[in-house]
2 protein chains.
Amino acid sequence: MIGGECVEKIVIVEDDVFLRDELQNILEKEGYSVECISSFDTPLEDIVSASPSLILLDLNLPKLSGFDICRALKAKGIGPILVLTSRNQLRDELHALGLGADDYLTKPCHPKRLIARIQKLIHLYANMHVMLDAGDFQIDEMANILYVGKDSISLSENEGIIINALLKASPSVVKKEELFNLLWGSSDYVDENILQVNMTRLRKTLDGVGLSNRIKTIRGIGYQLIGGDIQ
Amino acid sequence: MIGGECVEKIVIVEDDVFLRDELQNILEKEGYSVECISSFDTPLEDIVSASPSLILLDLNLPKLSGFDICRALKAKGIGPILVLTSRNQLRDELHALGLGADDYLTKPCHPKRLIARIQKLIHLYANMHVMLDAGDFQIDEMANILYVGKDSISLSENEGIIINALLKASPSVVKKEELFNLLWGSSDYVDENILQVNMTRLRKTLDGVGLSNRIKTIRGIGYQLIGGDIQ
DNA sequence: ATTAACACTTACAGTTGTTGTAAGGTTTGT
DNA sequence: ACAAACCTTACAACAACTGTAAGTGTTAAT
């Protein structure tokens, strides 16, 4: 093991069983926790729910294009993505990098090079702001800063929690109870209209930067972030 | 020009005049502002004062090792560093990446690949927390968070300004007037002991996370961050 | 149309964190 | 010993955030 103790989880998206096992072997020897995902099943959901520190992605998937996975993951702010492929054409590399891949290695690749690149990417991402993208605005989840155009405003804790939940679920509806749990899950009692108050406050804040009517009320169910159309 | 308007500045550290001109040509066509620095002169100071969006570094510098530059820049939190070199040995790549290089390309390198990698790195760094390193503690300058060991505490605005100024100047002394300017430069009048009060508060905060006696008073001059010995 | 459930808005007050002021104590160098 | 420089502490003002409360508006089913 080269790099001290690791508890980082790496997801391998690769259908070739032989290659997959070899990669898994290399990475586990290095101390990483490894999860293998096939392009059959439901790769996107599986990757998201694994919440890995890095995604090792093959481009030559029989079922689904690696490019599509790349694009989809990046839209959700998930990464880093290291593409490891036998396609050594420059145009593939440019395409993958353009879609959001963070590094591009061609097979055969020396294990040490692979490990070095993986470490690099994981370290880079550890120091990154996670930027959630809603199309016409972005949110720095960690710092609770909302960017819209050239402006940026800082959100309060509650505002951040709500908009993050809405954005991550978008375009799905977020149930009232979910928001209650996120915000006051540990409190024994809060006034029942507290969520409405906080929704009003968030809406007013969004209004202030030109983002009007972006939170829709689903009567009896919850709230939904609309517009921006990143999907 | 591939990637829209750019005003990013790239510093090329390369002594071979022919290669340098070629690179400069490619980058400027792409819309980047380019500054060339030779390893003769004072490369480190020149790079720092240029404050580039990216450093394009050759390893084969006759005067000074590219590795040394790499290490020195990273200690100061300056980056990203893209190494472009004719040394195509794996051990050189591993060494460079280990010292802090963010990408490693070997010549000859297709201009489009170079540009793609440059764009990638600049974009990554734009979303990064700038982490200032004092050896035994780190500071996220943007979010005003101080990391020491596994703990992290958030600093107040004033605390952040002071510790950042001290850290960036370290191990030099920061003059009282400089701090006054940073903190209350726009105010017409503040009490004369206000700086002392804020130094006390910062010291107490640092004490709270085990960082005692790290700010030395230079009587009549200013303050100095000591210990940590990163240099 | 009526009604009850649901949602929205506004004002108020408690809490917390930050900051400048003031007053008094301590250290330092000569 | 003495004065300048520095440190510490307490206090109050201020701003931001948040929950409560009360009243208003909206929706959908009867």
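Computed from a prediction, not measured in an experiment: that's the story for all the values here.
The backbone N or O of Ile37(A) sits nowhere less than 3.5 Å from a side-chain atom of Glu14(A) that would complete a donor-acceptor pair. Put simply, the side chain of Ser156(A) gets close to the backbone of Glu159(A): a donor and an acceptor are under 3.5 Å apart. At least one donor-acceptor pair closer than 3.5 Å links the side chain of Lys120(A) to the backbone N or O of Ala101(B). At least one donor-acceptor pair under 3.5 Å links the side chain of Asp102(A) to the backbone N or O of Ile81(A). For the pair Lys9(A) (side chain) and Ala50(A) (backbone), a donor-acceptor distance under 3.5 Å is present. Using modelled atom types, one side-chain atom of Ser49(B) and one backbone atom of Asp46(B) make a donor-acceptor pair closer than 3.5 Å. No donor-acceptor pair closer than 3.5 Å links the side chain of Arg71(A) to the backbone N or O of Leu99(A).
A sub-4.0 Å separation between OP1 or OP2 of dC7(D) and a side-chain N or O of Tyr223(B) is present. The phosphate of dG19(D) (OP1 or OP2) has a side-chain N or O of Asn158(A) nearer than 4.0 angstrom. At the phosphate of dT8(D), OP1 or OP2 sits under 4.0 Å from a side-chain N or O atom of Thr200(B). The phosphate of dT8(D) (OP1 or OP2) has no side-chain N or O of Lys204(B) nearer than 4.0 angstrom. For dC7(D), the OP1/OP2 oxygens have a side-chain nitrogen or oxygen of Thr217(B) closer than 4.0 Å.
In this structure, Glu157(A) atom CD and dG19(D) atom P are separated by 11 Å, rounded to whole Å. Between Gln196(B) atom CD and dA5(D) atom P the separation is 10 Å, expressed in whole Å. Counting to the nearest Å, the P atom of dA4(D) and the CD atom of Glu192(B) are 12 Å from each other. One interatomic measurement links the two molecules: CZ of Arg201(A) to P of dG19(D), which rounds to 8 Å at whole-angstrom precision. To the nearest angstrom, P of dC17(D) lies 9 Å from CG of Leu155(A). Distance Phe180(A) CZ to dG19(D) C1': 12 Å, rounded to the nearest Å. Atom NZ of Lys176(B) and atom C1' of dC7(D) are 13 Å apart (whole Å). Atom CZ in Arg203(A) sits about 17 Å away from atom P in dG25(D), given to the nearest Å.
The base of dA28(D) lies outside donor-acceptor range of the side chain of Arg219(A), with no N or O pair under 3.5 Å.
Closest approach of Val148(B) and Asp136(B) over heavy atoms only: CG2-O, 3.8 Å.
Out of dT8(D), dC7(D), dT20(D), the shortest distance to the side chain of Tyr189(A) is found at dT20(D). Proximity note for Asp191(A) (side chain, C-beta onward) versus dT20(D), dT9(D), dG19(D): the nearest is dT20(D).
Annotation: the span from Phe67(A) atom CZ to Leu59(A) atom CG amounts to 4.5 Å, rounded to 0.5 Å.
Within a heavy-atom distance below 4.0 Å of DNA chain C, no residue of residues 141-152 of chain A is found.
Side chain to side chain, Thr217(A) and Arg203(A) meet the donor-acceptor criterion of an N or O pair below 3.5 Å.
Residue contacts for Asn193(A): at a heavy-atom cut-off of 4.0 Å it reaches a base atom on one of the strands shown.
Summary of the strand contacts: Ile218(B) and Val197(A) both lie near DNA chain D, and taking for each the nucleotide with the nearest heavy atom, the more 5' one is attributed to Ile218(B).
Contact footprint of chain A on DNA chain C: nucleotides with an atom under 4.0 Å from a non-hydrogen protein atom, first to last in 5' to 3' order, dA5(C) to dA11(C).
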